[in-house]
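So the structure is just underneath, and the comments pick up after that.
Order of the sequence lines sets the chain letters (A, B, ...), proteins ahead of strands, with each chain counted from 1. All values below come from the heavy atoms of this structure, side chains included, with hydrogens, waters and symmetry mates left out.
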Number of protein chains: 2
Amino acid sequence: MAPEKRAHILRAARELGYRPNVMARAVATRRSNVVGLILFNETNRHHPGVLLALSQAFSLIGVRVMLFLLEDVDEIGAVIDHILSYQLDGVIAAAPIPQEDLDHLAAAQVPLLFYNRPGEDGVASVSCDHYASGVLIARHVLASGARRIALIRSYAEAFVGNERMRGVEEELARNGANVVAEFRGDFDYDRGVAAVLDWAARGIDDYEAIIAANDMMAIGAKDALVHKLGKRVPQDVAVAGFDGVEASRWLSHSIASVDQPIEHMAKAAVDMMALRIENQHLPAERRLFPGRLQHGSSVAD
Amino acid sequence: MAPEKRAHILRAARELGYRPNVMARAVATRRSNVVGLILFNETNRHHPGVLLALSQAFSLIGVRVMLFLLEDVDEIGAVIDHILSYQLDGVIAAAPIPQEDLDHLAAAQVPLLFYNRPGEDGVASVSCDHYASGVLIARHVLASGARRIALIRSYAEAFVGNERMRGVEEELARNGANVVAEFRGDFDYDRGVAAVLDWAARGIDDYEAIIAANDMMAIGAKDALVHKLGKRVPQDVAVAGFDGVEASRWLSHSIASVDQPIEHMAKAAVDMMALRIENQHLPAERRLFPGRLQHGSSVAD
DNA sequence: CTGAAAGCGCTTACAG
DNA sequence: CTGAAAGCGCTTACAG
């Protein structure tokens, strides 16, 4: 049938309520036009923009997103099983995938792309350069004059948090600054508060700046400093975080931070995925995007 | 084949990398085990818990969620088209659906459930009782002694915001309190700030309390009061909002608010949807959940 | 260009 | 209980 004739008929049929069955098309063509997105719930809470940017960018090329929201790492196996069963065209994972499941995906020829997890070997990825962001914020804090630094880390398995803190620590060391206190958090506000209270309880009060693995903990720390210890920020203690979340730009919480270029990253992820769906054998390229320093009154300029 | 034998074989096959093709099953059984979720991006930003609660509750009954994230109302038609094409088992809409599209869904026998939109006629829904929540917060503010009230509304089409404010206004009127200032916001922090600055610019400064259509605007208003006008909250002005967002419980922002019982609502939505997928002809029941008052230092107890 | 057949990977009656 | 056939709604190669 001539293309325009076909289009005309489809349009007419559509008026009458007919829609071609995409599922049937999917089994016929072995192409579902759906990709899976594996995301920790925590990631979505702290970066709601990621889901939006990805789903919009995919939507532009006619691809839908099936969302797999994880509470815990141990759900990943089951999720991969689902993905394999749904014959999705590809998977974007903002979570670690066990080797066994990587093998399953590879065997099923499902292209995989890591988001903010550049470390995994042999798998394509798009990420923010978290190490460089750590260096950036450390330099900014050092420029304000602080030399005695307290760190609020994320938990040990958090790749992004670890990279950020590795960048921070190495830059501090290169400049002869000292880490005088440390605390392990979980990216939540409460743990930022807990860090400051913990140090206070242990008599540690000689830090000139706090660098937290993300903004939420930085804000918690700042709130504890101000509202619990009666300190001034940044005069007594400077505070810095990562992500440039909305609250870090409020009148009440101007936090120095490093922002991720989420839209560019999402665009890159969608482009890469689209290419990989067409051609399974592309090299495992890794695209790294620099973070952007966001000034804030929590660190003196 | 005997069930246990079948299970055994499937397990063995699975080891070798075989997974039954769910899409093929979907076309054969005309049941995809996927429901569509139509959500405004704004809703997800302000209530990330909704997406999580729904996707988890569905996951427990083996149903996956295909997410349709909207930036704008005018995308709904296209989204409904997609949903019809994917032969989804049902749709949960936290957005208004034009009558025409309601008809299309009905013609295709796709069960529909509104989330936080109880008003639509003839369609099942689960919602928080926003009107009652408005009454609740108004009563709380009145109890603190305030009688001259300023309101920060949402935009005119926002159902939830309108219901909240309707409850607020009627309860204020019943108690002889006056609305001395109004501002139309959009649920964002910035508009809360803008409201207070706008009133100040126009010389309006005799309000004793601000009630905003959500917490973000309430926090913005409070920040503007404190950081721009040098007022004290709640001594000079009380501030209240809705949703009980995380930031409303920070040390820096203890905001009186009314919380939605999201987990219960999600559970109810999933139950209702599951029943309606089995039986198309259930009555258009509407389930209403009461909000919960959250105290905060922004309104004196 | 057109139309009928075969095939995608499953399920579901139905005959044996 | 078992196995082969028909069917779900599409696409794709193939004969006319």
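- Atoms CZ (A:R30) and P (C:dG9) sit 4 Å apart, rounded to a whole Å.
- Note: CZ (B:R25) to C1' (D:dC10) measures 19 Å, nearest angstrom.
- Between the C1' atom of C:dG9 and the CG atom of A:L84 lies a distance of 15 Å, rounded to the nearest Å.
- Salt bridge annotation for A:R45-A:E42: absent, with no cationic side-chain nitrogen under 4.0 angstrom from a carboxylate oxygen.
- Pairing for C:dA15 goes to D:dT2, judged as Watson-Crick or G-U wobble with the two contacts each under 3.5 Å.
- Classification of B:E163 and B:R117 as a salt-bridged pair fails, no side-chain N sitting under 4.0 Å from a carboxylate O.
- The list of side chain to side chain donor-acceptor pair (under 3.5 Å) pairs with a residue in residues 260-275 of chain A, not counting sequence neighbours, reads A:N116-A:Q260, A:D243-A:Q260, A:K267-A:D271.
- In this entry the distance linking OH of A:Y86 with C1' of C:dG9 reads 15 Å, nearest Å.
- For B:M23 and D:dG9, the CE to P distance is 17 Å, given to the nearest whole Å.
- Minimum heavy-atom separation, A:M265 to A:V126: O-CG2, 3.6 Å.
- Relative to the side chain of B:P20, the nucleotides C:dC10, D:dG9, D:dT11 differ in distance, and C:dC10 lies closest.
- Across C:dC8, D:dT12, D:dC8, the shortest atom-to-atom separation from the side chain of B:A28 is found for D:dC8.
- Atom P of nucleotide C:dC10 and atom CG of B:N21 are separated by 5 Å, given to the nearest angstrom.
- Closest contact between the side chain of A:T29 and the listed nucleotides D:dC10, C:dT12, D:dT11 involves D:dT11.
- Here D:dT12 presents its P atom at 11 Å from CZ of A:R31, a figure rounded to the nearest Å.
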